[in-house]
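To keep things clear, I will list the structure first and then write my remarks on it.
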Amino acid sequence: MTRHDDRQHGSSIARPGKVKEVTSLTNPIVKDLRSLALKKFRDQQGVFLAEGLKLVIDALDLGWVIKTLVYSKAGKGNSLVEQVAARTIAKGGDVLEVNEKVISAITRRDNPQMVVGVFEQQLQPLSATRAQGNDVYVALDRVRDPGNLGTIIRTADAAGAKGIILIGDTTDPFSLETVRATMGSVFAVPLIRASETEFLSWRKGFSGLIVGTHLKGAVDYRTIPYKGKPVILLMGNEQQGLPDTLASTCDKLARIPQEGRADSLNLAIATGVMLFEIRREALTLDGGKQDK
């Protein structure tokens, strides 16, 4: 799946990138990279950080382009790191060779990964979303916790969901914490941003099934016929659940039966339970062939 146009600045041929050695925390490039820990600067530059060699390779294989690749000197001579560096330069990105002190400062970790990539943020408009067939999307209302959002993105990827619709003032999907929690799925699952008003307006033209989870839901989530139509799984935020405006737009309000003293499930867990039930008939251990 290619999600990024490799052309840059209107040209089909990217300019060659370059390699720099950086060892000082006061270097302007390092200062810029460290600032990406803050949403304000990520949004100003339209980029985000992602850590880990495997994650960066997966992103490249999915068609993403690295704007800047940072690797520690410990990775020098590693054939995979050198391949990633070559691919970055070929697409016009820059490569920084840094010491552990610098990469720790950039990632804000004491034991950082040896590779960090800077990527362009990609958010799709809801108006471009066309759900069809057995497509499943997860719509999230004002999720607050980065770990929850990252885990949901990862779970949606595993379940084969087509995208995540972020409604309202949701935590930043491109924060360091969220990206780490996705384990690379941030590159595989399209992210769609919408206000509540935009979502409710778009919903009028949606011909599939919208299922929300609600403590007052009267329907056991296992009894809903999900097959044969596109499904939007609508989940509320951690503290308040779905507001009445969104709950009232659902075709079904479902509940997950529980036993024990806990009166609710963690948002990411509840989303996973719902997703795998919705996708139950589509998922098989052999990746597509029904068990005999």
Side-chain angles (χ1 to χ4, degrees), residues 3-9 14-123 146-147 149-150 153 171-187 191:
R3 298 185 57 213
H4 198 294
D5 189 342
D6 286 348
R7 294 172 297 177
Q8 297 185 2
H9 310 300
R15 64 172 178 81
K18 49 192 174 182
V19 181
K20 301 176 184 176
E21 183 177 356
V22 178
T23 59
S24 172
L25 294 179
T26 61
N27 184 291
I29 299 173
V30 174
K31 287 184 175 180
D32 283 345
L33 292 173
R34 293 180 70 181
S35 75
L36 296 180
L38 300 176
K39 185 178 188 301
K40 171 185 175 181
F41 295 105
R42 288 195 298 272
D43 289 348
Q44 282 180 358
Q45 299 180 48
V47 298
F48 68 101
L49 295 172
E51 306 167 61
L53 179 59
K54 180 183 183 303
L55 187 150
V56 168
I57 291 173
D58 287 347
L60 288 173
D61 290 345
L62 286 167
W64 289 66
V65 175
I66 300 178
K67 295 176 72 69
T68 303
L69 177 74
V70 183
Y71 71 88
S72 70
K73 291 184 177 181
K76 195 170 184 178
N78 181 307
S79 61
L80 290 176
V81 172
E82 291 180 353
Q83 288 172 29
V84 169
R87 293 173 72 178
T88 300
I89 292 169
K91 294 295 184 181
D94 293 329
V95 176
L96 303 181
E97 180 185 315
V98 303
N99 55 32
E100 188 171 341
K101 176 180 64 178
V102 169
I103 203 165
S104 292
I106 291 170
T107 62
R108 302 200 172 194
R109 288 165 71 113
D110 291 333
N111 296 299
Q113 301 268 3
M114 67 178 175
V115 173
V116 177
V118 179
F119 296 88
E120 204 171 286
Q121 295 183 17
Q122 296 188 34
L123 285 167
L149 179 56
I153 293 170
T171 190
D172 186 7
F174 301 115
S175 71
L176 285 167
E177 296 83 1
T178 303
V179 172
R180 283 170 187 153
T182 72
M183 296 294 287
S185 291
V186 69
F187 297 108
L191 301 177

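From a predicted model like this one, the values you see are computed outputs, not experimental measurements.
Put simply, the residue from I106, L96, L33 that forms a side-chain contact (heavy atoms from CB on, under 4.5 Å) with V118 is L33.
Annotation for A50 and L55: closest pair CB-CD2, 3.3 Å, computed over non-hydrogen atoms. Here the closest non-hydrogen pair linking A37 and L176 is CB-CD1, 4.0 Å. P173 and L191 get closest at one heavy-atom pair: CB-CD1, 3.7 Å. Between T178 and P146 the shortest heavy-atom distance is OG1-CB, 3.3 Å.
A donor-acceptor pair under 3.5 Å links the side-chain atoms of T182 to the main chain of V179, judged by distance alone. Proximity of a side-chain donor or acceptor of T107 to a complementary backbone N or O of I103 within less than 3.5 Å is detected. Here the side chain of D94 pairs no donor or acceptor atom with the backbone of T68 at under 3.5 angstrom.
Between F119 and F187, the distance separating the two ring centers is shorter than 6.0 angstrom.
From T23, atom OG1 reaches atom CD of E100 across 14.5 Å, with rounding to the nearest 0.5 Å. Here OG1 of T88 is found 11.5 Å from CD of Q83. Values are rounded to the nearest 0.5 Å. Here the CD atom belonging to E51 is positioned 12.0 Å from the CZ atom belonging to R108, to the nearest 0.5 angstrom. Note that CG of L49 is 10.5 Å distant from OG of S175, once rounded to the nearest 0.5 Å.
L38 pairs by the side chain to side chain contact (heavy atoms under 4.5 Å, CB included) definition with F41, not counting sequence neighbours. Residues forming a side chain to side chain contact (heavy atoms under 4.5 Å, CB included) with M114 (at least two apart in sequence, or on another chain): L53, S72, N78, V81.
Listed by first and then second residue, the side-chain hydrogen bond (donor to acceptor under 3.5 Å, both in side chains) pairs involving residues 28-42 are K39-D43, R42-D172 (not counting sequence neighbours).
With salt bridges taken as basic N to acidic carboxylate O contacts below 4.0 Å, one links D61 and R87.
With a 4.5 Å cut-off on side-chain heavy atoms, E21 and K73 count as touching.
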Is there a salt bridge (Lys or Arg N to Asp or Glu O under 4.0 Å) between K20 and E97? Walk through the geometry before answering. CA-CA 6 Å; K20 301 176 184 176; E97 180 185 315; over 6 Å; no

Mind running salt bridge (Lys or Arg N to Asp or Glu O under 4.0 Å) on K76 and E82 for me, showing each step along the way? CA-CA 7 Å; K76 195 170 184 178; E82 291 180 353; over 6 Å; no

I'd like to know whether E120 forms a side chain to side chain contact (heavy atoms under 4.5 Å, CB included) with V65, so could you lay out the CA-CA distance, the side-chain angles of the two residues, the decisive distance to 0.1 Å, and finally the verdict. CA-CA 8 Å; E120 204 171 286; V65 175; over 6 Å; no

